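A short write-up of the structure that comes next.
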Amino acid sequence: MRAPGMIAALAAAQLLGCQGAPRTGGDTAARPADTILSQARIYTVDAARPWAEAVAIKDGATVYVGDDAGAEAWAGPGTRRHRLGHNLVLPGLVDAHTHPGLVTGSSDIFLLPRTTDRRELIAAVARQARSHPDLPILVGGYWPVAAFDAGGPRKEDLDRVVPDRPVVLFDDSGHSQWVNSRTLRMMGVDRHTPDPVPGLSYFARKPDGEPTGWAKEMAIRPFLQKMGYGPRLTPDRTQEFLDYLVSKGVTTLYDAGNGLDADAVYSVMARLDREGRLPLRYEGTYHVILPDQVPGAIDELKRLRRTYGGARLRFNTIKIHFDGVSEIGTSSVLEPFASDPKSRGGTVISGDALRDFILRLHEERIDLHLHTVGDAAARTALDAVEKARALAGGALNTRVTLCHLELLADADVPRFKQLGVVADATPHWNGGYFQGAEATLGRERYNRMYRVQPLLDSGATVTFSSDITDFIEWKDGRANPFFGMQIAHNRQEVAGGKSAPIRPPESERLRLEDLVKGYTLNGAYQLRLDRTLGSIEVGKTADLVVLDRNLFEVDRYAIHDVTPIAVLVEGRVVHGGLP
């Protein structure tokens, strides 16, 4: 919204009156506010009153929202008063799907050069092996999927430079690994080893069944765990990343899973929580990556809750890694892959099994988060929800979220609102960040990936998230919500600025108002926190972000540079400072 529209909105809000409990002698409202922010441009994300000038905070909650004059009634001798000089104020942001444990646990792997030249990649592995002769396993990343043809990387290339130690190299999608023969032998994987989930989590093979050295999705994860490899988290590095998120306005997040390493991650998060060092609300999860985890998933979530739950760390959601990704041909798609006409990908469990699991979650009042990249995965999940609702006799006690939704059939768009399913998208992917899917899907499907506007138009609840999984993405700024907003608003990568290619379809350039709502009120709804968070309203917790410039007025290519000068959690400044 440009300045004239904003001023008009403020004037209208003043004419309609202001929110705030009456101040009458003898009740709690008679006590002055702890803090008053005035002379601000407050975007409340409250449909009934979207703009205000002032907010008053008492005991960590918002007690007044309205104009400057009305805020004066809440002032007392001890009230801290801050005149913001028309700075824009937003509710605290919600990152509705990210992976802090994977990010901070990946900081000790060695980095491959950013190149599609295979010779350079292999030379980097050789240098790492020579310079670290005592490392028992070489773990690195992130090779580009687009550097290889449909057959993927081969173990023989790694065997030539590292024949005597296991090598595991993660790709840039985070969904496959390139390994050498030593790794396969140590894992006991050969031509007779069954794939964990055919079509989804499996080992690419030669015609005779021998593994090629390309492991897709979660096929390698149980073996890595048995070999003793897992994330290496430290409290200080973990807090550094969480503090970074807070510095970008994030006050609540959903951790979308850590594979089989939940205890390694949540023991660190719980320690930070106990020590008062967890700077935001943290929703943990139990992460299902293989079918044999499903029967015990509810018990495992309850165990995590008992063992690690605390003041800011809670567990109410199970995540299922339902399908894969299109770049490596593991997403579940309605039509066969262009690169492999015999394959349509796969899902970790069937639609009927998912339906039955949803009914169990319904009885336990536990929420469900589903990784659904392909259009068939989304349809299967929606069908399962619809069938579960019918068997339950109506609305479910389980709040279901489908995340990513890179491909979505038009016929399934209205079903999100009809079934009460939340749609979570990752804005920083929308400019062309991931490469490789055009080869697997074909140009027509590639050009209709990452469509969010139809969901918004249909009235679905849409949330937004960063979904970063490694140290490099953190350092590149991709965990920053304003970085994601700029890409989704422009459909262009930040690095290219105005000259960057616009990813089709251009009609998917999203409105900033929709992006802000997805990062605030809708994100709070996904996590069942919308009664207390997500908008600036009387009675809600005072999570606020004060920005250095007006998000709605800056150049569309400068959005990623918008920076919070102060972030408040429960009315207390946790980052920056108020004027």
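Side-chain atoms are counted along with the backbone in the values below, which use heavy atoms only and exclude waters and symmetry mates. Positions are given from 1 along the sequence. As the structure is a computational prediction, the values presented were derived from the model and not from experiment.
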Nearest heavy atoms of [X] and [Y], plus distance in Å:
X	Y	answer
A425	V452	CB-CG2, 3.8 Å
I109	G140	CD1-C, 3.9 Å
L515	A488	CD2-CB, 3.7 Å
D424	A96	OD1-CB, 3.6 Å
A381	L370	CB-CD1, 3.8 Å
P427	G484	CB-O, 3.2 Å

For [X], look at atom [atom1] and say whether over 12 heavy atoms of other residues, nucleotides or ligands are found less than 6.0 Å away.
X	atom1	answer
K319	NZ	yes
R365	CZ	no
K417	NZ	no
R277	CZ	yes

Donor on one side chain, acceptor on other, [X] and [Y], under 3.5 Å:
X	Y	answer
T317	D367	no
T35	R80	yes
S465	T98	no
Y308	D263	yes
T463	Q526	yes
Y254	D95	no
Y43	D46	no
D467	H97	yes
E473	Y433	yes
Q492	R509	yes

Donor-acceptor under 3.5 Å ([X] side chain, [Y] main chain):
X	Y	value
Y519	N522	no
D273	L313	yes
T563	D561	yes
T398	H362	yes
E570	A542	no
H369	C403	no
S38	A54	no
H287	N258	yes
D476	R478	no
T426	W429	no

Checking R528, R314, R312 against E283 for side-chain hydrogen bond (donor to acceptor under 3.5 Å, both in side chains), the one that qualifies is R314

Determine whether the aromatic ring centres of H321 and H175 lie less than 6.0 Å apart.
-> yes

Is it true that F315 and Y266 have ring centroids separated by less than 6.0 Å?
-> yes

Run the side-chain contact (heavy atoms from CB on, under 4.5 Å) check on V94 and V250 step by step: do they pass?
-> CA-CA 6 Å; V94 179; V250 177; over 6 Å; no

Working for salt bridge (Lys or Arg N to Asp or Glu O under 4.0 Å), residues E363 and R360 | CA-CA 5 Å; E363 294 172 359; R360 290 178 58 202; over 6 Å; no

Do the side chains of [Y] and [X] get nearer than 4.5 Å, heavy atoms only?
X	Y	value
P481	F464	no
L280	V569	no
V574	L568	no
R281	D543	yes
E513	F552	yes
Q486	N490	yes
V63	V538	no
R41	W51	yes

I need the [X] [atom1] to [Y] [atom2] distance, nearest 0.5 Å.
X	Y	atom1	atom2	result
E364	D299	CD	CG	8.0 Å
R303	R306	CZ	CZ	8.0 Å
L84	I42	CG	CD1	7.5 Å
L233	F241	CG	CZ	11.0 Å
T461	L521	OG1	CG	8.5 Å
E406	M449	CD	CE	4.0 Å

Looking at residues at least two apart in the chain, or sitting in another chain, which of them share a salt bridge (charged side-chain N to carboxylate O under 4.0 Å, His left out) with D243?
-> none

Axial cation check for Y525 ring with R399, 6.0 Å and 45° limits = yes

Please walk me through it: do R114 and D172 pass side-chain contact (heavy atoms from CB on, under 4.5 Å)?
-> CA-CA 10 Å; R114 296 188 181 189; D172 60 355; over 6 Å; no

Take V422 and L402 through the test side-chain contact (heavy atoms from CB on, under 4.5 Å) and record every step on the way to the result.
-> CA-CA 6 Å; V422 177; L402 306 191; over 6 Å; no

Begin with the C-alpha distance, continue with both residues' side-chain angles, and end with the deciding distance and a verdict on salt bridge (Lys or Arg N to Asp or Glu O under 4.0 Å) for R83 and D68.
-> CA-CA 10 Å; R83 296 174 176 84; D68 289 339; over 6 Å; no

Applying side-chain contact (heavy atoms from CB on, under 4.5 Å), run through Y450 and L405 and close with a yes or a no.
-> CA-CA 7 Å; Y450 307 114; L405 300 168; over 6 Å; no

Begin from the C-alpha positions of R549 and E553 and carry the test salt bridge (Lys or Arg N to Asp or Glu O under 4.0 Å) through to its verdict.
-> CA-CA 8 Å; R549 68 199 93 168; E553 296 178 351; over 6 Å; no

